[in-house]
Protein chains: 2
Amino acid sequence: MQQPEDLKKAGLKLTLPRLKILNLFENSSERHLSAEEVYKQLLSTGEDVGLATVYRVLTQFEQAGLLVRQHFDNGKSVFELNKGEHHDHIVCLQCGHVEEFYDPEIEARQERNTSERGFAIQEHVLHIYANCVKENCPNKT
Amino acid sequence: MQQPEDLKKAGLKLTLPRLKILNLFENSSERHLSAEEVYKQLLSTGEDVGLATVYRVLTQFEQAGLLVRQHFDNGKSVFELNKGEHHDHIVCLQCGHVEEFYDPEIEARQERNTSERGFAIQEHVLHIYANCVKENCPNKT
DNA sequence: AATACAAATGAGAATGATTATCATTTGTTA
DNA sequence: TAACAAATGATAATCATTCTCATTTGTATT
């Protein structure tokens with residue numbers, strides 16, 4: 001675990017809440033977590049962290065580039081560890097399961113379409129809403 | 001104006017608020033309007049419509065296929081007249097100006113990437129956040 | 001045109017996610 | 001170890017949106 005270095009590099013003090021939250025993302029089986037989920041996970045393991053702190057830390061980690069935030073259409077945000085490589089998301093409409101994909105041709109065409117219109121692209125969101133095939137998905141496809 | 005027919009076709013009563021809102025979308029110079037903007041526009045023209053009604057009607061129109069809702073990352077939704085043809089959006093980060101584009105190759109690749117993973121695609125959101133070149137945009141590019 | 005009734009409306013309360021406030025606690029640095 | 005800014009937790013506040021419910025309005029019927 002080189003978490004402490006990550007935090008120092010980002011100019012953030014080494015505090016318990018921050019270490020716990022970062023640790024959660026690095027060890028959880030679920031790659032995509034909402035603020036509420038992070039909060040509940042911490043509570044369930046006996047940690048005493050306030051919800052406000054969870055939101056604050058998540059936002060700081062996003063700004064520091066440690067996490068990436070995804071806004072979904074249901075109005076909720078989830079966070080994921082920044083792997084450094086961009087990717088888009090497929091979200092199951094039934095169970096919320098999230099899968100990632102990357103298509104260089106789509107990326108290139110986004111860039112082209114945007115610059116053709118005189119815009120300077122800053123970032124983009126490509127979310128595909130679909131029905132997945134997971135065992136426990138309430139949608140029996 | 002064949003608005004009344006549109007409403008009847010959708011199984012909606014012809015009420016003043018509904019006609020006014022639909023009319024607004026068909027005559028406004030701004031194609032993309034938020035609920036708040038619709039509400040303010042109506043107030044400014046002396047119409048007496050409640051904000052709750054605006055939200056209700058907007059949702060009904062969306063379900064009836066008259067309008068399309070776009071959720072942006074800032075947590076706000078805008079609505080636009082349904083032209084029947086799908087398109088994606090470029091949003092200016094400074095002034096909020098919205099532009100539309102369509103790239104069949106991007107569409108095709110979304111479909112391919114999704115089905116390859118065993119998902120049945122239902123819909124998607126492709127929003128590009130950029131800096132625009134409008135005269136009145138606070139961003140002097 | 002008057003009646004009847006469900007559907008629609010408006011005002012304001014309620015909600016849910018997120019952010020701000022502020023007194024108290026905790027890292028860090030001298 | 002003192003000293004002080006930064007961080008935290010509890011809670012209030014905010015913002016967009018939805019819900020509640022008493023009142024009003026289309027519409028279909030006499």
Side-chain angles (χ1 to χ4, degrees), chain A residues 3-24 32-64 66-79 96, chain B residues 3-24 32-43 45-64 66-79 91 96:
Chain A
Q3 298 159 357
E5 282 89 88
D6 291 340
L7 291 180
K8 277 207 200 99
K9 220 178 300 172
L12 296 170
K13 273 188 192 173
L14 288 191
T15 66
L16 266 339
R18 286 176 181 158
L19 287 170
K20 285 171 190 165
I21 291 173
L22 188 50
N23 189 58
L24 189 60
H32 302 86
L33 298 170
S34 67
E36 195 65 34
E37 284 164 347
V38 169
Y39 178 63
K40 282 184 189 150
Q41 290 250 358
L42 291 176
L43 285 194
S44 74
T45 54
E47 309 293 355
D48 181 31
V49 179
L51 182 56
T53 300
V54 171
Y55 274 101
R56 264 187 303 242
V57 170
L58 254 21
T59 300
Q60 291 163 342
F61 283 4
E62 184 198 9
Q63 291 170 341
L66 295 174
L67 296 178
V68 176
R69 182 197 304 249
Q70 299 295 329
H71 264 290
F72 291 136
D73 258 14
N74 55 2
K76 285 193 182 176
S77 292
V78 298
F79 294 79
Chain B
Q3 298 158 0
E5 281 89 87
D6 290 341
L7 291 180
K8 278 206 197 100
K9 221 178 298 170
L12 297 170
K13 270 191 195 171
L14 289 193
T15 67
L16 265 338
R18 285 175 183 160
L19 288 171
K20 286 170 189 165
I21 292 174
L22 188 49
N23 190 59
L24 189 61
H32 302 86
L33 298 171
S34 67
E36 196 66 32
E37 285 164 346
V38 169
Y39 178 63
K40 282 183 189 151
Q41 289 252 357
L42 292 176
L43 285 194
T45 54
E47 309 293 356
D48 181 30
V49 180
L51 182 56
T53 300
V54 171
Y55 274 101
R56 264 187 303 241
V57 170
L58 252 21
T59 301
Q60 291 162 343
F61 283 3
E62 184 197 8
Q63 291 170 340
L66 295 173
L67 296 177
V68 177
R69 182 196 306 248
Q70 299 295 329
H71 260 106
F72 291 136
D73 258 14
N74 55 1
K76 285 193 182 178
S77 292
V78 298
F79 294 80
V91 187

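Residue numbering restarts at 1 for every chain, and letters A, B, ... go by the order of the sequence lines. All values below come from the heavy atoms of this structure, side chains included, with hydrogens, waters and symmetry mates left out. Here the structure is a predicted model, which is why all the values come from computation and not from measurement.
Contact detail for B:Tyr39 and B:Val49: the closest heavy-atom pair is CE1-O, 3.1 Å. Scanning both residues, A:His32 and A:Glu37, for their nearest heavy atoms gives O-OE1, 3.8 Å. The minimum heavy-atom distance between B:Arg18 and B:Phe61, with the atom names listed, is O-CZ, 3.6 Å.
Using a distance-only test at 3.5 Å, with no hydrogens or angles considered, no donor-acceptor pair links the side chain of B:Gln41 to the main chain of B:Val38.
Ranked by how close their nearest DNA chain C nucleotide is to the 5' end, B:Gly11 and B:Tyr39 are led by B:Gly11. With the nearest nucleotide of DNA chain D identified for both B:Ser77 and A:Thr53, A:Thr53 has the one nearer the 5' end. The nearest heavy atom of DNA chain D to B:Thr15 and to B:Glu36 marks one nucleotide each, and the one closer to the 5' end goes with B:Glu36.
Residues A:Leu58 and A:Val54 form a side-chain contact, since some pair of their non-hydrogen atoms from C-beta on lies under 4.5 Å apart. The shortest distance between side-chain heavy atoms of A:Lys20 and A:Leu42 falls below 4.5 Å. Contact check for A:Phe79 versus A:Leu67: side-chain heavy atoms found under the 4.5 Å cut-off. Looking only at side-chain heavy atoms (C-beta outward), B:Thr53 and B:Val57 come within less than 4.5 Å of each other. Contact annotation: the side chain of A:Glu47 never approaches that of A:Leu16 to less than 4.5 Å [non-hydrogen atoms, C-beta and beyond].
Note on the helix from C:dA1-D:dT30 to C:dA30-D:dT1: angle between the axes of the first and last five pairs equals 30°, rounded to 10 degrees.
One can place CG of B:Leu14 at 12 Å from C1' of D:dT25, the figure rounded to the nearest angstrom. As rounded to whole Å, 14 Å separates atom P of C:dT18 from atom CD of A:Gln70. In this structure, the NE2 atom of A:His71 is 11 Å from the C1' atom of C:dA17, given to the nearest Å. Distance CD (B:Gln60) to P (D:dT17): 16 Å, rounded to an integer number of Å. Distance, B:Leu58 CG to D:dT17 P: 9 Å, rounded to whole Å. Regarding B:Glu37, its CD atom lies at a distance of 16 Å from the P atom of D:dC15, rounded to whole Å. Between the NZ atom of B:Lys8 and the P atom of D:dT27 there is a distance of 8 Å, rounded to whole Å. The CG-P distance, from B:Leu7 to C:dA8, rounds to 11 Å in whole Å.
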Annotated protein contacts, base or backbone, on nucleotides 19-25 of chain C with a non-hydrogen cut-off under 4.0 Å, one of B, S, - each: BBB----
